[in-house]
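We name chains A, B, ... by the order of the sequence lines, and we start the count at 1 in each one. These numbers were taken from a predicted model, which means no experiment stands behind them.
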Amino acid sequence: MSNLQPARGTHDILPDEMRAQRRVVDIAGAVAERYGYEFMATPIFEFSQVFKRTLGDTSDIVTKEMYTFTDKGDDEITLRPENTAGVARCYMSQGLAQKAPVRFFYAGPMFRYERPQKGRLRQFHQFGIENIGIPGAFADIEVIATGARILDELGVADKTVLELNTLGDGESRDAYRTVLVEYLENRIDELSKESRDRLNRNPLRILDSKDEGDRKVVAEAPVFSDYLNNTSRAFFDEVREGLAALDISYRLNPRLVRGLDYYSHTAFEFTTEYLGSQGTVMAGGRYDGLIGMMGGPATPGVGWAAGIERLAMLCGEAPAARRPIAVVPVGEEARMPALKLSEELRRAGYRVDLGHSGNLSKRMKRANKVNAAAALIIGEDELARGAATLRDLDSGEQEEAPLASLVDRLARFR
RNA sequence: GUGGCUGUAGCUCAGUCGGUUAGAGCACCAGGUUGUGGACCUGGGGGUCGUGGGUUCAAUUCCCAUCAGCCACCCCA
């Protein structure tokens with residue numbers, strides 16, 4: 001058994017779970033389209049540089065979580081740990097600046113070498129949207145609104161909370177960073193070991209530490225909002241105004257810091273308390289610096305990504321599979337006519353379960369097991385009359401119907 | 001990567017203070033019903049008790065290691 005196990009942190013997705021995930025993607029995609037987004041995909045692997053250059057040398061994702069290997073052509077390849085960098089790369093290599101602004105959504109597998117837990121897999125799936133080319137706050141507002149609308153239509157809005165923060169522009173962040181590091185250095189012996197390590201690499205992260213000692217120090221730390229310049233402040237105000245206008249409620253969380261380096265201004269997360277410590281269900285923000293970091297022209301962008309598994313878990317029970325019509329032949333001479341009838345019904349749009357063995361009783365059992373809405377029985381008698389027996393499997397009522405009228409007769413079971 | 005809990009049939013779980021054929025419910029298969037499913041009845045198949053090693057006359061049970069899942073940290077979707 002041991003070597004038949006799927007690799008650590010991966011798992012098979014069987015139909016029940018697949019339906020749940022598919023529903024998430026279908027609903028999210030349908031909503032995203034209403035907001036002007038179009039479905040697209042980038043490759044599952046890219047040159048490692050795509051991620052290394054953009055996600056930041058200090059991020060955990062780059063430093064310890066990437067699936068990177070050298071392929072037979074000696075290229076250094078990485079399985080994508082997220083999709084924003086890939087979309088940005090695509091934006092440049094496809095010359096999409098010509099078509100800016102662009103709005104894309106994607107769905108697919110991502111890979112991160114982490115210690116697995118429920119809701120945290122090494123191969124997991126994300127649905128995300130990217131809005132590239134719009135510098136103004138309206139883009140941020142619409143991006144958040146798209147996410148909120150999706151959560152609402154999935155029926156999980158009341159299980160999630162939107163947390164919002166601003167990271168300001170580069171100037172504001174640099175100014176704050178300097179002051180913060182200075183403050184933290186003065187109280188360095190009160191900080192946890194992890195936070196001391198983070199002090200140089202990524203001091204903003206310390207604001208989000210769960211360590212008690214750290215929290216005490218953080219509580220008295222200088223506040224970012226005091227260091228926002230006018231531009232950054234005005235931007236954030238407009239975002240908040242827009243959310244208010246759309247009745248999207250949120251909770252300001254000044255400690256909300258995105259893990260990746262390319263973010264600026266708006267940062268947000270939809271979180272839930274129903275999933276244990278894997279509570280982030282959808283997260284994103286503005287990444288005006290990203291395309292520049294990849295060597296392209298300064299290009300604004302906003303987006304978010306959502307964990308499909310996490311959303312599906314939040315949604316609870318998977319939707320039921322579509323109920324088929326069971327076609328059951330009786331006797332050898334009915335097999336071929338049953339095959340032809342099945343084909344005809346399928347062409348007409350029905351889902352058909354054609355049993356392949358067993359007597360009538362066994363096939364009826366199977367019809368029941370696959371949750372068929374109706375059974376069509378064709379045997380010698382029916383064949384002689386060019387008809388089939390149509391049995392409603394819920395009520396148990398049955399009648400004989402001429403083959404020619406079947407497609408219509410079945411309409412109520414569609 | 002750190003700390004902890006768990007691992008017995010396809011699933012959910014009993015059980016063995018170390019002892020001979022390891023159980024239940026559900027699921028599955030067959031029959032009761034060779035032109036009628038769901039309910040019911042009868043019977044049946046399925047486990048090297050996660051894997052490897054150690055202790056022992058004897059290990060599914062104790063010990064160690066390992067793998068996997070889960071929880072918290074970490075990180076995040």
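- Applying the side chain to side chain contact (heavy atoms under 4.5 Å, CB included) criterion to A/Pro109, with sequence neighbours excluded, gives A/Ile44, A/Arg80, A/Phe111, A/Gln123, A/His125.
- B/C76 and B/A39 are spaced 50 Å apart, taking the C1' atom of each and rounding to whole Å.
- Note: CG (A/Asn368) to C1' (B/C40) measures 15 Å, nearest angstrom.
- Taking every side-chain heavy atom of A/Arg8 into account, B/A68 is the closest of B/G1, B/A68, B/C76.
- Between the side chains of A/Asp211 and A/Ser195, no donor-acceptor pair is found at a separation under 3.5 Å.
- Cation-pi geometry between A/Arg414 and A/Tyr350 is met: under 6.0 angstrom from the ring centre, within 45 degrees of the axis.
- Among the nucleotides B/C76, B/G69, B/G37, the one closest to any side-chain atom of A/Pro116 is B/G69.
- The side chain of A/Gln5 lies closest to B/C67 when the candidates are B/C67, B/G1, B/G37.
- The listed nucleotides are B/G3, B/A77, B/U36; the one nearest the side chain of A/Arg112 is B/A77.
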Would you check, one step at a time, whether the test ring-ring contact (aromatic ring centres under 6.0 Å, His included) holds for A/Phe39 with A/Tyr106?
CA-CA 6 Å; A/Phe39 202 11; A/Tyr106 58 81; 9.0 Å; no
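- Rounded to a whole Å, the OH atom of A/Tyr263 is 10 Å from the P atom of B/C76.
- In this structure, OH of A/Tyr113 is placed 17 Å from C1' of B/C76, rounded to the nearest angstrom.
- The CG-C1' distance, from A/Asp353 to B/G37, rounds to 13 Å in whole Å.
- For the P atom pair drawn from B/G50 and B/A22, the interatomic distance equals 15 Å after rounding to whole Å.
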Heavy-atom contacts, protein to nucleotides 26-31 of chain B, under 4.0 Å, summarised as B (base), S (sugar-phosphate only) or - (none) per nt, yield --SSSS
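- Here A/Phe268 and A/Tyr250 keep their ring centres 6.0 angstrom or further from each other.
- The distance between the ring centers of A/Tyr227 and A/Tyr176 falls below 6.0 angstrom.
- No side-chain N or O of A/Glu130 forms a donor-acceptor pair with one of A/Tyr37 less than 3.5 Å apart.
- The interatomic distance linking A/Glu114 (CD) with B/C73 (P) rounds to 14 Å, in whole Å.
- Side-chain contact of A/Ser192 with A/Arg196: a donor-acceptor pair under 3.5 Å is absent, judged by distance alone.
- Contact annotation: the side chain of A/Ile144 never approaches that of A/Leu246 to less than 4.5 Å [non-hydrogen atoms, C-beta and beyond].
- Regarding A/Arg115, its CZ atom lies at a distance of 12 Å from the C1' atom of B/C5, rounded to whole Å.
- The side chain of A/Arg391 sits closest to B/G37 out of B/G37, B/A77, B/G35.
- Which of B/C76, B/C73, B/G3 sits closest to the side chain of A/Arg120 comes down to B/C73.
- As rounded to whole Å, 20 Å separates atom P of B/G35 from atom CG of A/Leu390.
- Ranking B/C73, B/A77, B/A68 by closeness to the A/Phe124 side chain, first place goes to B/A77.
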For RNA chain B, the dot-bracket notation using Watson-Crick and G-U wobble pairs below 3.5 Å, [ ] for pseudoknot-type crossings and | for other-strand pairs, is (((((((..((((.....[...)))).(((((.......))))).....(((((..]....))))))))))))....
